[in-house]
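Just so we're on the same page: letters track the sequence lines, and every chain starts at 1.
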2 protein chains.
Amino acid sequence: MSKNHKNNDKYHRILDAAIKVFADQGFHTSTIAQIAREAGVADGTIYLYFKNKQDILFQFFAYKTRLVFDNFKNAVEKEKNAIDKLKCLIRTHFEEFQRDRKMAEVYRMETRQCHRLMETQIKEMTKMYLDLIAAIVEQGQQEASMRQDLYLVLVKRFILGAVEEVINVWVISGGRYDLVSQADPLVDLFLKGIGCQEISDQ
Amino acid sequence: MSKNHKNNDKYHRILDAAIKVFADQGFHTSTIAQIAREAGVADGTIYLYFKNKQDILFQFFAYKTRLVFDNFKNAVEKEKNAIDKLKCLIRTHFEEFQRDRKMAEVYRMETRQCHRLMETQIKEMTKMYLDLIAAIVEQGQQEASMRQDLYLVLVKRFILGAVEEVINVWVISGGRYDLVSQADPLVDLFLKGIGCQEISDQ
DNA sequence: CAATAATGAATGAGCATTCATTTAACAAAA
DNA sequence: TTTTGTTAAATGAATGCTCATTCATTATTG
């Protein structure tokens, strides 16, 4: 009956337990036994809800992370001018990752690992994010709040990279300070850069 | 006699082979047998030059990567004003990583993994890099080529993150385009940002 | 002939996955 | 309400495979 385990309480118990274990030790060094213990179920039970160990990580990307990224688009659409949209995107990103630090830790770790099966998932999410940035910047150019002479491909990476690095440090610090408050200062850097206007044109 | 294996040809053969294998599959899924095969030696031989599998990765950070990062400082010192130093840092970074793509791949992957033993190495290199950026920015502020109202901690991450992300994409693409040519456009973004001067002050 | 270096088969530990068995859930019959 | 039967869910010990690591043996060097 419940082919769709996603409606089942135990599916989530196990997935959350796995995320906690992955966050602490990384995917490869985590064992099914540890995940089972953390979830309070027997080792074998995990295989009633997941195909295998890889599948747990797959579900993490396909289900958990995906939801978060879908949110970004909705949040951004609520704002109307480009600069507010950019602020909103980054604030929402920080909010969501701060809300679920274990998710942030696993995301940070495992997106850089080569797990053949996840690649598509990860690429799709990244593309969605980059497209969001591109749309915002193009709108900003039309509104004349952003420079015309931008190399868009680079701008997208420039923004994504900085955002992820700010999260990275926050994760490494153990989440001991408020991440969201860094959003506006970061957007300020994106917009104005670090140079003095008068000289930076040289 | 050769306690210091680093002077030994075979030490480098094995280390380079390992880097190639790690780059292709990641540390955890690589086997000693694969590394031995790639290096053209027997499995056991590896243990004459390295304590164990982890030690190979340790040597990668302690020896290979470390050399590259030490270079950055020297390169930067050759320039005299802050903006040129920043350009030099990023150009050199791109040059070195482009010169040795396998190294870049392993660095990208394994710095985000939790390998207890590497942590110190990685933190030290990152700190050195961030200090370099901080010094450049502070000089820029004295020279009045960079803004006075900068939150330095954030600026460091902002720059490092963007730089690493640009490398990241280049690595993912399989190194199919020229990385170094992205250095100047990136520094331009760092200095001027993406906003229009007139409005970005709003 | 040492002494040093290299070999690769053998060892054993660790762990994902399976599956025979047990337990729980629920419904129909008494 | 209790009894009994049926199905679904959960268990965890047993299996078997994959390696990292070792070490007795062989080759190389000088």
Side-chain angles (χ1 to χ4, degrees), chain A residues 1-61 106 109-110 113-118, chain B residues 1-61 106 109-110 113-118:
Chain A
M1 163 179 323
S2 60
K3 272 281 167 55
N4 187 7
H5 282 145
K6 289 177 189 61
N7 302 324
N8 189 311
D9 165 55
K10 208 155 274 187
Y11 171 87
H12 294 287
R13 274 243 304 285
I14 294 170
L15 189 50
D16 288 342
I19 292 169
K20 190 177 279 183
V21 176
F22 291 165
D24 290 350
Q25 334 201 333
F27 174 78
H28 286 293
T29 45
S30 301
T31 72
I32 292 292
Q34 287 176 306
I35 296 167
R37 161 179 273 269
E38 177 73 35
V41 299
D43 295 14
T45 306
I46 289 179
Y47 291 86
L48 299 176
Y49 295 90
F50 298 89
K51 264 209 307 289
N52 49 40
K53 191 182 159 189
Q54 282 248 2
D55 187 44
I56 306 178
L57 192 60
F58 186 86
Q59 297 295 323
F60 167 77
F61 283 116
V106 178
M109 267 185 182
E110 304 303 335
Q113 213 61 11
C114 43
H115 304 292
R116 295 279 131 67
L117 293 169
M118 321 299 156
Chain B
M1 161 181 330
S2 62
K3 269 285 168 49
N4 187 8
H5 283 142
K6 289 176 188 64
N7 302 326
N8 190 311
D9 167 54
K10 210 157 273 187
Y11 171 89
H12 295 287
R13 274 243 303 286
I14 294 170
L15 189 50
D16 288 342
I19 292 169
K20 190 177 280 183
V21 176
F22 291 164
D24 290 349
Q25 334 201 333
F27 174 76
H28 286 293
T29 45
S30 301
T31 70
I32 292 291
Q34 287 175 307
I35 296 167
R37 161 178 272 270
E38 177 72 36
V41 300
D43 296 14
T45 306
I46 289 180
Y47 291 86
L48 300 176
Y49 296 89
F50 299 89
K51 261 207 312 289
N52 50 39
K53 192 182 160 191
Q54 282 249 0
D55 187 44
I56 305 177
L57 191 60
F58 186 86
Q59 296 296 323
F60 166 77
F61 283 115
V106 177
M109 267 186 184
E110 304 303 337
Q113 212 65 9
C114 43
H115 304 291
R116 295 281 132 65
L117 292 168
M118 321 299 156

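Mapping B:A42 and A:N52 onto DNA chain C via the closest heavy atom, the residue that lands nearer the 5' end is B:A42.
Between B:Y47 and the phosphate of C:dA6, there is no side-chain N or O to OP1/OP2 separation shorter than 4.0 Å. Contact annotation: B:K10 reaches the phosphate of C:dA6 (side-chain N/O to OP1 or OP2, under 4.0 Å).
Within a heavy-atom distance below 4.0 Å of DNA chain D, the residues of residues 24-32 of chain B found are B:S30, B:T31, B:I32.
Remark: aromatic rings of B:H115 and B:F61 are distant, center separation not under 6.0 Å.
Regarding A:L48, its CG atom lies at a distance of 13 Å from the P atom of D:dG12, rounded to whole Å. The OH-P distance, from B:Y49 to C:dT4, rounds to 14 Å in whole Å. Rounding to whole angstrom units, CZ of residue B:F50 and P of C:dA6 are separated by 13 Å. Computed from coordinates, the A:I46 CD1 to D:dG12 P distance equals 12 Å when rounded to whole Å. Following rounding to the nearest Å, B:I35 (CD1) and D:dT18 (P) show an atom-to-atom distance of 18 Å. What separates CG of A:D9 from C1' of D:dA9 is a distance of 14 Å, to the nearest Å. Put simply, NZ on A:K51 is 15 Å from C1' on C:dA16, counting in whole angstrom units. C:dA6 atom P lies 14 Å from atom CG of B:D43, rounded to whole Å.
Residue B:T45 has its side chain nearest to C:dA6 when only C:dA16, C:dA6, D:dA20 are considered. Listed nucleotides D:dA20, C:dT7, C:dT17 differ in distance to B:K53; the shortest reach to its side chain belongs to D:dA20.
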Any chance you could lay out the side chain to side chain contact (heavy atoms under 4.5 Å, CB included) test for A:L15 and A:F50, step after step, and finish with the verdict? CA-CA 9 Å; A:L15 189 50; A:F50 298 89; 4.2 Å; yes
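With a 4.5 Å cut-off on side-chain heavy atoms, B:K10 and B:R13 count as touching. Two residues are said to be in side-chain contact when any heavy atoms from C-beta on lie closer than 4.5 Å; B:L57 and B:V106 meet this criterion.
Remark: B:E110 engages no residue in a salt bridge (Lys or Arg N to Asp or Glu O under 4.0 Å) (not counting sequence neighbours).
The distance from the CD1 atom of A:I32 to the OG1 atom of A:T45 is 11.5 Å, given to the nearest 0.5 Å.
B:Q59 and B:Y49 share no donor-acceptor pair across their side chains, judged by distance under 3.5 Å alone.
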